[in-house]
Amino acid sequence: MSTSSPTDKAKPPREVFIQGLTSSGRTFRPSDWAERLAGAMSCFRPGGVASGPMAHIGYSPYCVPTSIDNVKCVVVNEALRDIEPMAWDFVMNFARDNDLQVVDACLLPEVPGTGKG
């Protein structure tokens, strides 16, 4: 028998969106910055670094490039902070050093059949 209550459940990790726009609204360059940043974080995965011939392919689920309303973004899951605080600091310092807009948000899954989140 479980003695936990609904209030005992841990909150799901939040997500931070680093947008490819400076605080003044200018588009950040180079145009592939999101893929480069997420690629640098690709080794931070559940279960650690992957190995094998295809290990270099794919992004970490904790740091994913995307595009929202034609603006390049990187979605960073705060679970990265628990796994490797220096990696979290790296992406957050990247955003700060490049004057990029950072928003706390949550990606919603698409609703089947609507094409919308």
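FYI, the numbering just counts along the sequence from 1.
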Partner set under side-chain contact (heavy atoms from CB on, under 4.5 Å) for Asn93, not counting sequence neighbours: Asp89, Arg96, Asp97

Could you tabulate the donor-acceptor pairs under 3.5 Å formed by side-chain atoms of residues 25-34, not counting sequence neighbours?
{"residue": "Asp32", "atom": "OD1", "partner": "Arg36", "partner atom": "NE", "Å": "3.0"}
{"residue": "Asp32", "atom": "OD2", "partner": "Arg36", "partner atom": "NE", "Å": "3.1"}

Note, Glu35 side chain near Lys72 side chain (heavy atom, < 4.5 Å): yes

Flag if over 12 foreign heavy atoms under 6.0 Å of CZ, Phe94: yes

Distance, nearest 0.5 Å, that separates CG of Asp82 from CG of Asn77: 9.0 Å

Residues clustered with Met86, ILVMFWY side-chain links under 4.5 angstrom: none

Single-linkage hydrophobic cluster, 4.5 Å side-chain cutoff, Val102 and Tyr62 together: yes

side-chain contact (heavy atoms from CB on, under 4.5 Å) between Trp88 and Ile83, intermediate numbers included: CA-CA 9 Å; Trp88 173 267; Ile83 293 166; over 6 Å; no

Exercise: identify the closest heavy-atom pair between Cys63 and Val76: SG-CG2, 4.2 Å

Pairing residues for Asp99 by the salt bridge (Lys or Arg N to Asp or Glu O under 4.0 Å) criterion, not counting sequence neighbours: none

Distance (rounded to the nearest 0.5 Å) between Thr22 OG1 and Leu100 CG: 7.5 Å

Heavy-atom side-chain proximity of Phe17 to Val74 below 4.5 angstrom: no

Results of side-chain contact (heavy atoms from CB on, under 4.5 Å) for Gln19 - residues two or more places apart only: Val71, Cys73, Gln101, Val103

Residue pair Gly58 / Ser42: nearest heavy atoms and the distance that separates them: O-CB, 3.5 Å

Test side-chain contact (heavy atoms from CB on, under 4.5 Å) applied to Ala87 - qualifying residues, sequence neighbours left out: Met41, Phe44, Leu80, Glu84

Heavy-atom closest pair, residues Ile18 and Leu37: CD1-CD2, 4.5 Å

Co-membership, hydrophobic cluster, residues Met92 and Phe90, 4.5 Å side-chain: yes

